Amino acid sequence: MKLAIILGTRPEIIKMGPVIRECQKRGVDYFILHSGQHYSENMDKVFFEEMELPPPKYNLGVGIHPYRKQIGRMIKEICDILIKERVDIVIVEGDTNTVLAGALAANKIGVKLAHHESGLRSHDLRMLEEINRITTDHISDYLFAPTKDALKNLHEEGLPGYKIFHSGNTIVDAIHQNLEIANKKVNVLKDFNLEEKNFILVTAHRAENVDDPKTLKEIVEGLSLVQGYFGIPMIYPIHPRTRKRMNEFGISFPENINFVEPMGFLEFLQLESNAKLILTDSGGVQEEACTLKVPCVTMRESTERPETVKQGVNIVSGTDSHKILESAKEVIGGDKNWENPFGDGRAAERIIKRLSEIFKDEKKNP
Ligand code: UD1
Ligand code: UDP
């Protein structure tokens with residue numbers, strides 16, 4: 001079985017890390033194809049280095065090209081590489097433009113396609129990612145659903161049962177594999193003068209939030225209100241997209257929030273695990289907060305991770321500044337059930353085992 005692991009952004013590198021390690025462990029013939037959608041050192045290289053992952057065999061460098069040209073370029077170049085490398089199976093993870101391009105390329109040239117983190121639905125088509133998820137799921141041959149809710153979505157959309165497999169999410173594997181290493185290698189609380197369970201951690205970068213000046217201003221005001229109410233430090237490793245938009249729209253950076261550069265995974269994981277509260281619009285951060293048992297407010301209108309909301313550990317606040325504050329107060333005080341819906345940390349093992357078995361069977365009975 002020759003496997004192409006396609007990735008392109010920060011969360012894909014983090015969540016594919018355990019898949020890559022599993023391939024190494026089992027001696028699977030694989031290579032990494034990086035689209036280069038993310039390219040800054042602190043959004044890309046730092047993750048390969050910290051998690052000791054092998055460098056990508058290919059990097060398409062699309063991130064430096066205009067946004068409108070990226071998907072077309074990726075599809076063309078990925079097709080050429082899949083043919084040249086005589087790939088049997090492509091695996092993609094999540095819902096980015098790189099995922100969509102990898103999926104379309106595999107589909108167009110008849111290479112089998114596996115999608116990890118399939119079945120997530122926000123039911124909000126204003127999110128670019130929702131279109132990418134639905135399209136990828138419907139052209140995939142193997143669907144690895146991380147949770148029971150995701151499984152249900154796939155069945156309800158009529159996708160054939162034989163394609164669907166409940167794997168868990170590799171983010172839990174990544175947390176298990178890296179938290180201990182983080183605690184040995186980094187001391188980010190000391191670096192930023194923070195105390196355990198006495199600070200608030202923030203991330204926000206969703207296009208539908210930060211590309212709209214009114215929404216972004218409202219979110220920043222909400223963060224400032226939350227910091228003022230709780231009176232403890234607030235740290236925000238700000239995504240380059242958000243920083244760029246704050247500058248473009250002339251939104252000022254409130255002084256009661258510590259805006260810092262994006263961090264490596266070890267540093268960020270250590271911050272998450274020690275935070276009193278997390279405010280985010282990230283998908284992966286919602287999963288991590290739930291896994292690490294840290295209350296979370298999701299500053300969006302919807303989430304494709306409803307499991308966390310059902311357990312009372314995550315509140316979807318919308319983007320109104322006062323609602324953000326009210327949600328923060330509520331989630332800190334509320335009743336919580338911390339059962340982890342994202343799995344037991346063995347998702348990558350299940351995915352690679354399953355793909356190897358299917359490949360053997362299909363070779364025997366084409
Ligand atoms: C992308 C994904 C989003 C995912 C996020 C993870 C799509 C449609 N969006 O959003 O689903 O949640 O990655 O972080 O695929 N930039 C840099 N350096 C980088 C990367 C980005 O400066 O390494 C800046 C550039 O100005 C770039 C902008 O951020 O134009 C947006 O980057 P892009 O990859 O288009 O989208 P993200 O917002 O990162
Ligand atoms: N993350 C990180 N450093 C940071 C911010 C986030 O390593 O400064 C990690 C975080 O732990 C999570 C992932 O990046 O695993 C989430 O990525 P992002 O929020 O960019 O994308 P999303 O999950 O929303 O697609």
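Whatever order the structure lists them in is the order used to number ligands and atoms, beginning at 1. Computed from a prediction, not measured in an experiment: that's the story for all the values here.
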Search all heavy atoms of Met16 against all heavy atoms of Ile6 and return the closest pair with its distance.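 Scanning both residues, the minimum pair turns out to be CE-O, 3.9 Å.
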
Test item: [X] side-chain N/O and [Y] main-chain N/O as donor-acceptor pair under 3.5 Å:
X: Asn153; Y: Gly119; result: yes
X: Arg10; Y: Met43; result: no
X: Ser122; Y: Asp124; result: yes
X: Glu129; Y: Asp95; result: no
X: Ser282; Y: Val285; result: yes

For ligand 1, list the protein residues that place a heavy atom within a distance below 4.0 Å of one of its atoms, sorted by chain and number.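 The 4.0 Å shell around ligand 1 contains Thr9, Pro11, Gln37, His38, Tyr39, Ser40, Met43, Tyr67, Asp95, Thr96, Asn97, Leu128, Glu129, His205, Arg206, His239, Pro240, Arg241, Lys244.
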
N/O pairs closer than 3.5 Å, ligand 2 and protein:
from, atom 1, to, atom 2, distance (Å)
ligand 2, 3 (N), Met263, O, 2.7
ligand 2, 8 (O), Met263, N, 2.8
ligand 2, 11 (O), Glu288, OE1, 2.8
ligand 2, 11 (O), Glu288, OE2, 3.1
ligand 2, 14 (O), Arg10, NE, 3.4
ligand 2, 15 (O), Glu288, OE2, 2.5
ligand 2, 19 (O), Ser282, OG, 2.7
ligand 2, 20 (O), Arg10, NE, 3.1
ligand 2, 20 (O), Arg10, NH2, 2.9
ligand 2, 23 (O), Ser282, OG, 3.3
ligand 2, 23 (O), Gly284, N, 2.8
ligand 2, 24 (O), Arg206, NH1, 3.1
ligand 2, 24 (O), Ser282, OG, 3.2
ligand 2, 24 (O), Gly283, N, 2.8

With Tyr236 as reference, evaluate Phe259, Phe268, Phe253 under the ring pair (Phe, Tyr, Trp, His ring centres under 6.0 Å) test and give the passing residue. Phe259

Just checking, is any N or O donor in the side chain of His138 or Glu157 under 3.5 Å from an acceptor N or O on the other one? yes

Under 4.5 Å between side-chain heavy atoms, counting indirect links through other Ile/Leu/Val/Met/Phe/Trp/Tyr residues: same cluster for Val294 and Leu271 or not? yes

